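Notes to accompany the following structure.
Positions are given from 1, in the same order as the sequence printed here. What you see is a predicted model, and the numbers here were worked out from it, not measured in a lab. Whatever order the structure lists them in is the order used to number ligands and atoms, beginning at 1.
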Amino acid sequence: MNGPILAALLFASPLAHAAAHCDIALKAGDSMMFDQRSVTIDAACTTITIHLTHTGTMPAGDMGHNVVIARTLDVAAIADDGMGATLADDFIKPGDARVVAHTKTIGGGEKADASFPADKLKPGEAYSFFCSVPGHAELMVGQLVVK
Ligand code: CO
């Protein structure tokens, strides 16, 4: 869904991208852990891009990971509702409006990117990144800082 739109956003702002830190680059392997607990992006960003690398070997159906961006106070509810969704839906309840952005769910050796407009992050709100694969969110969660 929205593949062409996401692709257009991804290449929309090369100058802004070069001038500010607008990437959320995370790695995860065959355990329930991201390589970072906090990622800081620049408030000047117009487009933010998530880059997820699965450094393990297990397939998505066994130890898949994704990256979901949401308000910190929504993380637990999104993860709970995602348990009723499927891998095809990236373990996110279809149409969940609380989700700011998310990548595909990937397995070992795969990469996934997703871009979103920075103005989807509202000033004064606290945001987090997490993995919505069932059972992962409690450990695979971190703070997204905008400054
Ligand atoms: Co995960």
H65 atom (N/O/S) at minimal separation from the Co ion (ligand 1):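 The atom in question is ND1.
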Of all N/O/S atoms in H136, the name of the one nearest the Co ion (ligand 1): ND1
Nearest atoms (heavy-atom pairs only) where D23 meets H51: OD1-NE2, 3.5 Å
Side-chain H-bond candidate by donor/acceptor type, N66 with S132, under 3.5 Å: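 The answer is yes; a qualifying pair exists.
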Residue M140, metal the Co ion (ligand 1), N/O/S under 2.8 Å: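 Yes - counting backbone and side chain alike, M140 has an N, O or S atom under 2.8 Å.
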Residues D74, R98: salt bridge by 4.0 Å N-O rule: no
Distance (rounded to the nearest 0.5 Å) between H136 NE2 and F34 CZ: 9.5 Å
